[in-house]
Amino acid sequence: MPELPEVETVARDLQRWVAGATIAGAEVRWARTIRHPQPPERFVAEIAGATIRRVDRRAKTVLFHLEDGRVMTVALRMTGALIVAPAGTADDPYARVVFDLADGRQLRYRDVRKFGRIGLWPGGGLRSVGAGRGARSRRVADGTRRYRIGEVFSGHGPEPLSRSFTAERFAERLQRRSAKLKTLLLDQAFVAGVGNIYADEALWRARLHPLRAADTLDPRDVRRLHRAVRQVLREGIANRGASFSDYVDARGQQGDNQERLAVYRRTDQPCYRCGHRIERIVVGQRSTHFCPRCQREPVASVEP
DNA sequence: ACGCCTACCTGCTTGC
DNA sequence: TGCAAGCAGGTAGGCG
């Protein structure tokens, strides 16, 4: 999906363009986009008439704070996009949910692969939006899952761009883990918002091998990684995100950050630092790009 | 905690 | 040209 910088770009655009707008009605064209346990019909009935007070982001989820205190969450996953379409714009065959705004515009949730999810939550208790193993749910009689607010909204790790995300705090978290750096950076419960692109970019910038175990970093490694994570995310935002096939902002425009990436999808091309060929390996079933010269292999334990 | 697997979906690229 | 395989920025849930 769009990662933190892409979601931040979309949320900022939407704050500018739809804060204050009223949702007159909605049409759900792909039912499963509406997050369980919300039946799509109830979602449509409950969102109608709502006014958007503010739009922001937590991790990779866009949050629409409504005037009445409720929150609509939009997790874009792999190919989701939120696009504001002026009145009269041609329909989009990939629009899975269409919100008609009272002023005639449409807010369209477009999602080619249909992985994204939209939820509507009561006010209060909203801290973060469910993240993998951290989020808790329980099975109910019919075998489906029911989420409780405060459990669903409690699974994310720290926001890497927040003031409270210090190198010291990052060091503490890293020291307690023996997992590979690449895997950890992708773990939303460890740090929120980093995805495959920015994980690879941050590791290249910090000159750290993706397979390196977190608890083997020395304090200087940690500081470099901390700085690198924040830098690549901030630069991604400054460039309005990285577009490969699907990511677009709220106007439907591509970002520029794909032009500035050092390793992601640059397999066999020269490293911008040392000229060595960029390599691609698979870590945790995700493609991983790095420079084998700049990002030295972790020391392998040698059998006697 | 960790790693691995499957599932969810469609479209594009690559190789034969 | 046609067709199949492989690939894609994410995450939930199950198993060991």
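Chain naming here is simple, since letters A, B, ... match the order of the sequence lines and numbering starts at 1 in each.
A close approach under 4.0 Å does occur between a side-chain nitrogen or oxygen of A:Lys180 and OP1 or OP2 of B:dG3. Remark: A:Gln188 is not in phosphate contact with C:dG10, judged by side-chain N or O atoms under 4.0 Å from OP1 or OP2. Note on A:Arg32: a side-chain N or O is less than 4.0 Å away from OP1 or OP2 of B:dC9.
Legend: residues meeting salt bridge (charged side-chain N to carboxylate O under 4.0 Å, His left out) with A:Glu201, ordered by chain and number and at least two apart, are absent. Applying the salt bridge (charged side-chain N to carboxylate O under 4.0 Å, His left out) test to A:Arg54 and every residue at least two apart in sequence or in another chain returns A:Asp56. For A:Tyr272, there are no ring pair (Phe, Tyr, Trp, His ring centres under 6.0 Å) partners, not counting sequence neighbours. For A:Arg277, the side-chain contact (heavy atoms from CB on, under 4.5 Å) criterion is met by A:Asp268, not counting sequence neighbours.
At the heavy-atom level, A:Asp246 lies under 4.0 Å from base atoms of the strands shown.
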Just the table, please: protein N/O against nucleotides 6-8 of chain C N/O, every pair under 3.5 Å.
residue	atom	partner	partner atom	Å
C:dA8	OP1	A:Arg280	NH2	3.2
C:dA8	OP1	A:Ser287	OG	3.0
C:dA8	N3	A:Arg113	NH1	3.2

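Straight-line distance from the CD atom of A:Glu6 to the C1' atom of C:dG10: 13 Å, rounded to whole Å. Atom P of nucleotide C:dG10 and atom CG of A:Asp200 are separated by 10 Å, given to the nearest angstrom. Put simply, CG on A:Leu186 is 7 Å from P on C:dG10, counting in whole angstrom units. Rounded to whole angstrom, the span from the CZ atom of A:Arg173 across to the P atom of B:dA1 amounts to 11 Å. The distance from atom CZ of A:Phe244 to atom P of B:dC12 is 17 Å, rounded to the nearest whole Å. Nucleotide C:dA12 holds its P atom 11 Å from the CZ atom of A:Arg117, rounded to whole Å. Remark: P of B:dC2 and CG of A:Asp187 are 8 Å apart, rounded to the nearest angstrom. Per the geometry, OH belonging to A:Tyr198 stands 15 Å off C1' belonging to C:dG10, to the nearest Å.
Grouping Ile, Leu, Val, Met, Phe, Trp and Tyr by side-chain contacts under 4.5 Å, direct or through others, puts A:Tyr94 with A:Val112. Hydrophobic cluster membership for A:Val248: A:Ile83 (Ile, Leu, Val, Met, Phe, Trp, Tyr linked by side-chain heavy atoms under 4.5 Å, directly or transitively).
Considering only side-chain atoms of A:Lys114, the nucleotide from B:dG3, C:dT11, B:dT10 that sits closest is B:dT10. Of all nucleotides listed (C:dG9, B:dG11, B:dG3), B:dG3 comes nearest to the side chain of A:Ala179.
Comparing the same atom, P, in C:dG9 and in B:dT13 gives a spacing of 15 Å after rounding to whole Å. Taking atom P in both B:dC9 and C:dC3, one finds a spacing of 26 Å when rounded to whole Å. Across the P atoms, C:dG6 and B:dC5 are found 15 Å apart, a figure rounded to whole Å.
Look at A:Asp187 and A:Arg173 and you find no salt bridge, because none of the NZ, NE, NH1 or NH2 atoms lies under 4.0 Å from a carboxylate O. The pair A:Asp246-A:Arg110 does not meet the salt-bridge criterion, since no charged nitrogen lies less than 4.0 angstrom from a carboxylate oxygen.
We find that the ring of A:Phe115 and the base of B:dC8 stack, their centres lying under 5.5 angstrom apart and their planes tilted less than 30°.
Side-chain atoms of A:Tyr264 and A:Asn257 include no donor-acceptor pair closer than 3.5 Å.
Annotation: ring pair (Phe, Tyr, Trp, His ring centres under 6.0 Å) contacts involving residues 12-35 of chain A, sequence neighbours excluded, are absent.
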Report the secondary structure of DNA chain C in dot-bracket form, marking unpaired bases with a dot and bases paired to a different strand with |, and treating Watson-Crick or G-U pairs with both distances under 3.5 Å as paired. .|||||||.|||||||
